[in-house]
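To keep things clear, I will list the structure first and then write my remarks on it.
Letters A, B, ... are given to chains in the order of the sequence lines, protein chains preceding strands, and every chain is numbered from 1.
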Amino acid sequence: MKMKNRLYSFLIVITVLVLASCEKNETPSDPLAMFSISSSDLEVNESMEINFTGQADQVVIYTGDISHNYDLITESNTGFVVNKNYFTYAFATPGKYKVVCVASTYNDLAEDLKRDTTSVMVTVIDDNTNIDNISCNQIVYDEVFANRLNDEWLMVLPRKVKFKNYQVPVSLSQRLKFYTESDSMKLFINDEEYNQTTKYDLSEVLDISVQSNEGTNRSYALYTAYYPEFSSFKINGVSGTIVRDDYVYGSFEVNVVLPAGTDLTNLTPEFTTTAVDEKVYVNSIEQTSGLSVIDFSSEVTYTIQYSLENKPEMVAETKVKINVAAE
Amino acid sequence: MKKISLFQLFILSVFALTFSGCQDFLEKEVLGHATDENFYNTKFKLQAALDATYNVLQTDQFNSCDWRFGEACGDDVWGGDESLTSQQGQLSHFLFNTSNDWILSRYEINYEGVNKANQVIANAHRVQLSNDDYSEYKEVRQILGQAKFLRALFYFNLVKTYGGVPIRPEKESIDSLIVPRSTAEEVYAYIEKDLREAAIMLPARFTESNAGKASAASAVALLMKTLLYQTTPGEPSDEWDEIVKLGGYFVDGDDMTYGSILNYDGGEDWETLRKRLWFKPEEVNGATDPYETTATLLPQLNNAYTLEYVDYMGASITYDEMFYQTGEFNGGSVFEIVFKESADGSGGDVNEGSGVYGSMWYSPPVVFTNASLIDDIFGNDPRRTLCLTHNDYAPDGGVCFCGPGKYVTLKWYTPVKERPQYGGDNGKNRRLIRFQEVVLTYAEALNETGNREAALIHLNRVKTEANTINGTSTLYIAGGYGYMRDQIWSERRKELCFEWDRFFDLVRQRRAAEVIKEYGANRANKRGYYFRKGVNELFPIPQKEIDISNGVITQNPGY
């Protein structure tokens, strides 16, 4: 019987152990909100790293920017749950933000919620003054981009654009579009704030000044030129027809039909360009109307160049292919 | 001697049972089972491994992550779930954190694909042939080529979503499970190499019972897209030139040699390369066997694919039929995810494609569009008739029940006659790459490289076909660079909308912030307005990956 009793007592001990494994709900320990932050001075889109170093069952970070503001918690602003005590975030807009860390503890039944909060102020700056691109976005239906030379830009526009069967003239009064890296910078054109629907007079140099959100200023200049063109092209008194390319503004063709039997190897074209200071070259040799002699028996391409006054590096260039045929 | 009590006996037997578990009979060598050492010894087993790779494409996880990112984050649709409290809502609002479920899900499923493709590629050399026929080599070569295409496809999904990602070793080892990230350039180079090699290993088009396998055309088309994603509009680059070269071959029928598509520079001995890619080695090549050199021409692709709306047999079909079962492997379908499988949809045996079709068309659709977006996308283009609203009739009389005010596209519609006996068997193929996209990519590269006249011709070839829907004659017209580019982008949107690629297309056009923010500003819930330029073009690496790598894998800037 002694043996049987021992067996019973053994079974009882096992039963007690099995059934007693659910311990009673203890009151949760006190939470401690503490964290370290990589830097409290950040740039826009720079990652802020937060390492939670306190004690908690659950950690939530309110970053303080739009829709994550702890002070607006009753107005459905939300925080981010921190996973494995590590959290990263980057601010999209410059400003001062209160980053709040909420540490909470609770028991297994999610009762007796205890909270502790701590916060740190973070300053986010945006000192970007970069312009990526400038365009005239309403050249008939086209968007024409400027070329960049350091902080100076050259916009080259066509005098006319071929659209369907029309030759639409392009004026020098145009809207401008800026591609920038930052949304918070301010743009001024000739000291007036830039407006995307204003038409700017591009016949003068535009002073563009950029002010970053931090107050840093940077100046740019926008120069504008037309693609140079032939306004007339004659050989032996016969006018050529000037054809504008459908696709490339700096490309033309001139067709001249001369009387049968004309010697094409030795001709002296007479031409005028749309502006006086446009220079004409064939194979890098400058041409003078009515003087320079050209062999038209093979294809000849003229280059017309226009460089801005006092700005020899800013050049607008047109290629003109001349087709001369004898009837 | 004291007697052993019953209690002691009990305790002893418990110990005996506990410690005697390990016995030799449990450690017998497994016979007749495949192991990773001997599995890949025949082409049939290699094919089985390739099938497993294709299977990743069929999973709901793969497909749903495609629309969750490519469509729901873009500006063509509203989402069925745009609540800021759900993972999907946070994702498409760009108000997610790095632990977002879908960001992890997309990462994992594409790496699962990479892993399966790697097993085919790493083990192909183990295949033993039953004879030395040329066709034996060709079969293994084609399996290997498809695996390379699929690996490239998975990496392409990863690199366009997360930027530079870890390139996994082909043979995984327990000692090096954590691989640091490569740069985006390195990943793109890796993808390109796979696709260039796949292009010479595969035929122009698989037909009959092999229809649907990745072909040389699939590889070239994906290669063009991979190059396109490395370009910046308005900036001349080698990639644009390369697209023009490939487009000339695919679309215009220019000759393309093996050496040319591989950009072969003699760095790897040609015979070594041939052996690696399962071309029949020179020493065993028979007199009648072809011997491929760098000058060998790739098969012509432009006569294997067409912009005309024709089915697999070449018979005319309508535009919407291109997306139905009728139009599977149609004249313009370059790569499809094949949803044919043995499941019949009964008793829980569900075709994996049914999830896609169930969520896109039936009420409530997970993404849908509306009247003003349709005006925005199509204008007067006849393709707008593909969008149906609640109680509208499909061309075959089926009724649309997507909910009032919503519009869904026939691209995800299953015609009445194609509906299976059981709803769960609903799985027509998903068109992943279409010839229309190839031609538009080519046109864009032509415009970027200054050949605008040819760009316009190709652009209008696509538009001319679309005009046949209702006989309109509006075409695109000549113009300068910016105008041509805008026309091409507009056509791209019209032709490829609702095929889950819009978001990524905007990012690679470098105008995602501009377009999506403007879209968001006009929405009551501001979905899209919080897109952060310079940050949200890439999604973050899933937090879990960073955590388990102990910081070896670094996060994208801005997260």
Side-chain angles (χ1 to χ4, degrees), chain A residues 2-10 44-49 61 63 65-68 76 78-93 128 132-133 135-137 139-145 158 161-165 177 179-183 245-251, chain B residues 3-11 84-85 90 93-99 232-235 446-447 450-456 477-487 510-511 513-514 517 526 529-536 540 543-544 546-548 551 554-559:
Chain A
K2 200 177 169 192
M3 195 165 60
K4 218 172 185 179
N5 282 344
R6 276 191 187 174
L7 191 59
Y8 280 134
S9 54
F10 178 72
V44 161
N45 290 343
E46 183 185 348
S47 292
M48 164 183 80
E49 290 177 58
I61 301 271
T63 50
D65 54 350
I66 183 165
S67 73
H68 304 299
S76 55
T78 54
F80 295 97
V81 174
V82 176
N83 190 12
K84 295 183 182 165
N85 294 344
Y86 179 69
F87 174 73
T88 63
Y89 192 76
F91 293 92
T93 44
N128 196 324
D132 282 344
N133 234 330
S135 74
C136 288
N137 60 344
I139 303 299
V140 191
Y141 285 98
D142 201 359
E143 178 172 10
V144 177
F145 291 89
V161 170
K162 229 170 146 175
F163 183 71
K164 295 183 177 170
N165 294 323
K177 184 171 177 184
Y179 292 80
T180 60
E181 286 170 8
S182 158
D183 294 335
D245 192 276
D246 283 0
Y247 303 93
V248 184
Y249 299 134
S251 176
Chain B
K3 260 188 173 178
I4 297 173
S5 70
L6 187 57
F7 176 64
Q8 282 162 326
L9 195 68
F10 176 75
I11 294 292
L84 272 174
T85 53
Q90 290 172 3
H93 273 274
F94 301 98
L95 290 174
F96 49 79
N97 67 12
T98 52
S99 304
T232 305
E235 281 179 19
L446 284 168
N447 181 43
N451 196 348
R452 301 205 178 110
E453 202 166 345
L456 183 66
I477 55 171
Y481 162 75
Y483 184 53
M484 288 298 297
R485 184 200 62 192
D486 289 349
Q487 290 188 110
R510 316 276 163 157
R511 55 177 187 145
E514 194 185 337
K517 270 181 106 75
K526 295 272 180 279
Y529 183 72
Y530 301 109
F531 186 97
R532 280 191 285 156
K533 190 179 175 182
V535 173
N536 291 136
Q543 191 60 44
K544 186 178 153 193
I546 292 179
D547 291 345
I548 58 177
T554 52
Q555 189 52 279
N556 282 328
Y559 289 109

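- Using a 4.5 Å cut-off between heavy atoms, A:Ile139 makes no contact with chain B at all.
- In B:Lys526, the NZ atom is crowded: over 12 heavy atoms of neighbouring residues, nucleotides or ligands sit closer than 6.0 Å.
- With a 6.0 Å radius and a threshold of 12 heavy atoms from other residues, nucleotides or ligands, B:Tyr530 has its OH atom above the threshold.
- No part of A:Val161 comes within reach of chain B, as not one of its non-hydrogen atoms sits under 4.5 angstrom from that chain.
- With rounding to the nearest 0.5 angstrom, the CD atom of A:Glu143 is 5.5 Å from the CZ atom of B:Arg485.
- Taken from CZ in A:Phe87 to OG in B:Ser99, the straight-line distance is 9.5 Å, to the nearest 0.5 Å.
- Between A:Lys164 and B:Ile477, the closest side-chain pair of non-hydrogen atoms falls below 4.5 Å.
- Using a 4.5 Å cut-off on side-chain heavy atoms (C-beta onward), A:Asn83 and B:Asp547 make contact.
- Options B:Pro557, B:Gly479, B:Ala455 differ in how many heavy-atom pairs under 4.5 Å they form with chain A, and the most are formed by B:Gly479.
- No more than 12 heavy atoms of other residues, nucleotides or ligands sit less than 6.0 Å from atom CD of B:Glu453.
- Residue A:Asp183 touches chain B through its side chain alone, counting heavy-atom pairs closer than 4.5 Å.
- Using a 4.5 Å heavy-atom threshold, the side chains of B:Gln487 and A:Tyr141 count as separate.
- Side-chain N or O atoms of A:Thr88 include one that pairs as donor or acceptor with a backbone N or O of B:Tyr559 at under 3.5 Å.
- Side chain of B:Lys533 to backbone of A:Thr180: a donor-acceptor contact under 3.5 angstrom is found.
- Heavy atoms only, all atoms of each residue included: B:Gly480 and A:Asp142 are closest at CA-OD2, 3.2 Å.
- For chain B, the nearby part of A:Tyr249 is the side chain; its heavy atoms alone come within less than 4.5 Å.
- Put simply, CD on B:Glu514 and NZ on A:Lys177 are 4.0 Å apart, with the number rounded to the nearest 0.5 Å.
- Looking at A:Phe145, only its side chain comes within 4.5 Å of chain B, counting heavy atoms on both sides.
- Minimum heavy-atom separation, B:Arg532 to A:Ala92: CD-CB, 2.8 Å.
- For the residue pair B:Gly558 and A:Ala90, the shortest heavy atom distance occurs at O-CB, 2.9 Å.
- Note: B:Asn97 CG to A:Ile61 CD1 = 11.5 Å, rounded to the nearest 0.5 Å.
- At a threshold of 4.5 Å between non-hydrogen side-chain atoms, the residues A:Val248 and B:Tyr481 do not count as touching.
- For the pair B:Tyr483/A:Val140, no side-chain contact is recorded, criterion being any heavy-atom separation below 4.5 Å from C-beta on.
- With rounding to the nearest 0.5 Å, the separation of CZ in A:Phe80 from CG in B:Leu95 is 7.0 Å.
- Here the CG atom belonging to B:Leu84 is positioned 7.0 Å from the OG atom belonging to A:Ser67, to the nearest 0.5 angstrom.
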